[in-house]
Enquirer: 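This is the structure I have questions about; it appears just below.
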Amino acid sequence: MATLALRDLVKTYDKTEVLHGINLDVADGEFVVFVGPSGCGKSTTLRMIAGLEEVTGGSIEIGGRQVNNLEPKDRDIAMVFQNYAIYPHMSVRKNIGFGLRTAKMSKPDKEARIDEVAAILDMTDLLDRKPNQLSGGQRQRVAIGRAMVRDPAVFLFDEPLSNLDAQLRTQMRLEIKKLHQRVGNTIVFVTHDQVEAMTMADRIVIMKDGHIQQVGTPAEVYHSPANTFVARFIGAPSMNMLPATASGGVLRLDTGSTVDLPARADGPVTLGVRPDDLGLGEGVALVRGKVTVREPLGPETLIYVDTGAGGEVIAKADGRTPPEVGAEVTLNAKPENLHFFDANTGQALT
Amino acid sequence: MAVVEEIRPTSEALLGTKPPRKPANMGQIIRWLLLFIGGIVMVMPIAYMISTSLKWPHEVYNVNLIPEEPTIENYTYVLEDGRFYAWFLNSIVIATVTTICNILFDSLVGYTLCKFRFPGRYIIFIAILSTLMIPTEMLVIPWYLMSQQFGWLDTYWGIMFPGLMTAFGTFLMKQFFETVPDDFIEAARIDGLNELQIWWTVAMPLVKPALAALAIFVFLGNWTAFIWPLIVTNSVEMYTLPVGLSSFGDEADVAWELIMTGAAISTIPTLVVFLIFQRFIIRGVVMAGLKG
């Protein structure tokens, strides 16, 4: 186990800079998830940590030791790839034991280690099978087993669940989280799925265009997003963004409603409110409009409301008695659930 | 209701009897006819080779496929001729060594060009490919001069060196290595293997079908090679089978029955090579079908 530190990490391909000075400290045993849209640089960062991409600028430290110029094998890391990367011509036992080929261990010790890992992953009965005799989830467990067997300082996961179906993904998510609680290694996990990030991470690193947008616990990034990008990226459905104008401590929405503004600001402001916090119940009346679509989710129903000037917003209504399509509704939110952003910079107003 | 009647299984179907065969349409008949003609074109030379090997010299120029007086005298003569074994051994050694070298060198170069990023990689690949456009007839003179300079004339090395690595094999292997995901290579790199170990342990087993195809091509190519072995060898003992077989007879009379007998015997190793390696090719096709 070890800490991980990224210092002013820069990556350039030819003349194009794709990572613009990433700084991050990961504590020993912490589970950190990098999340962001395609092309944001999260996988590049992970590959640089692994030593699969050269570092253009800055430094990477694992356990306090700079590893910029070390080969991947010398960094004390293990990586689980998106497409598992388990060798089809080898049995599960050989796949799991592959990482021990260069380890200075006796053969009985290696076998014991493989059996131990297989037992942790509940794969003892599958050790003699070939990968094509395994399900997607079992293959993923083999890939994790191959990473675990070396007992690395840092585990790196590169979108390992994206090839699994929804049910299996949920199951594997839980298994990886339990595994982390059991073995306690430092984990860096890359995903584009914000649900994976929210459910697994101790801390989430949200990236966009080669920059870190926010680092925080799932609760922090959900309840206190640093900017409109984070606010919209985290949470499903996305946060509603309503254009407004601030003046003298009062925010006037383009829909005509007014809200007390806790932050000091004058001029254009974006008011954010999550669909979970916007509904027909108590609170400040924010928008009024006509229901255009209903999406029943069981206990609740998502309603899409056309507000005219403010565009379309999403709100939640009761699952048993949702308003009819075409009905005029007034959507309310509690003041403590409102988020305020500078309309020009997108940064949160505090 | 009519549709329901049509899809309901009949009692014959339930009992496992065969459904009535549909009459062949014109398209099918033409396809079969073309396949039949193609089959005849490919099989006839082999049939005539075996037929001629079973004929007496006076019957060789008769076009009948079934010999009037079949004999195994030619086989006895060829197998009792000590030269045949020497040529057979020469061909076996040359074809086997060349095949092994091609599997190693072509795959090494193909792997390097496919999986490593270095300046000039593309130019090197194009340069290798461009050699495919040069006919063997143009190369034999420089090869001969080289052999003469280095003292390789009339040696195994002299016969083998032009074919130890081929542009076609390099191209074939490079294309197959493209299908090996980079994740496999990178995972092995993280697990501590060096590049040579990754090539041998991880990449090579994943391209077995290509290696099998390459082995068959190279072995057959070298087994049947004629022009270069004819030029580079002087002594009868160094002849390969095709060169040796052509020497049966003299300027006045070619002993076709002996040549055909030798050719018939010489097909046996090629059949063995094909039977050994074809299962890898078929397995490769089956594995590709199961992916995903």
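Given the structure is predicted, the values throughout are model-derived calculations rather than measurements.
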Enquirer: Where on A/Ile86 is there a heavy atom nearer than 4.5 Å to chain B: the side chain, the backbone, both, or neither?
Expert: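 The answer is the backbone of A/Ile86.
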Enquirer: So which of B/Leu206, B/Asp182, B/Thr201 has the largest heavy-atom pair count under 4.5 angstrom toward chain A?
Expert: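 It is B/Thr201.
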Enquirer: Taking everything shown except B/Tyr122 itself, do over 12 heavy atoms lie less than 6.0 Å from its OH?
Expert: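 It does not: B/Tyr122 OH has 12 such atoms or fewer within range.
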Enquirer: Is it true that atom CG of A/Asp128 has more than 12 heavy atoms of other residues, nucleotides or ligands lying nearer than 6.0 Å?
Expert: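 Open.
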Enquirer: Please say whether more than 12 non-hydrogen atoms of neighbouring residues, nucleotides or ligands are located less than 6.0 Å from CD1 in B/Ile123.
Expert: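 At most 12 heavy atoms, drawn from other residues, nucleotides or ligands, come within 6.0 Å of this atom.
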Enquirer: Check this for me: B/Phe118, atom CZ, are more than 12 non-hydrogen atoms of other residues, nucleotides or ligands nearer than 6.0 Å?
Expert: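 Atom CZ in B/Phe118 is packed in, count exceeds 12.
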Enquirer: Among all residues two or more places apart in sequence or in another chain, which pass the side chain to side chain donor-acceptor pair (under 3.5 Å) test with A/Glu54?
Expert: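 Counting only residues at least two positions away or on another chain, A/Glu54 forms no side chain to side chain donor-acceptor pair (under 3.5 Å).
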Enquirer: Looking only at heavy atoms, which of residues 42-53 of chain A get nearer than 4.5 Å to chain B?
Expert: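 Listed by number: A/Arg47, A/Ala50, A/Leu52.
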Enquirer: Going by side-chain hydrogen bond (donor to acceptor under 3.5 Å, both in side chains), name the pairs with one or both residues in residues 81-91 of chain A, residues two or more places apart or in two chains.
Expert: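 Sorted result for residues 81-91 of chain A: A/Gln82-A/Ser162.
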Enquirer: Just wondering, more than 12 heavy atoms not from A/Lys110 lying within 6.0 Å of its NZ?
Expert: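 For A/Lys110, atom NZ is crowded (more than 12 foreign heavy atoms under 6.0 Å).
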Enquirer: Between A/Ala147 and chain B, with a heavy-atom cut-off of 4.5 Å, which part of the residue counts as in contact: side chain, backbone, both or neither?
Expert: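 Neither the backbone nor the side chain of A/Ala147 comes within 4.5 Å of chain B.
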Enquirer: Give the member of A/Met90, A/Arg146, A/Arg75 that has the highest number of heavy-atom pairs under 4.5 Å with chain B.
Expert: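 Top count of heavy-atom pairs under 4.5 Å with chain B: A/Arg146.
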Enquirer: Could you please state which residues from residues 185-200 of chain B sit under 4.5 angstrom from chain A, measuring non-hydrogen atom to non-hydrogen atom, sorted by number, or 'none'?
Expert: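 Within residues 185-200 of chain B, near chain A: B/Glu186, B/Ala187, B/Ala188, B/Arg189, B/Ile190, B/Asp191, B/Gly192, B/Leu193.
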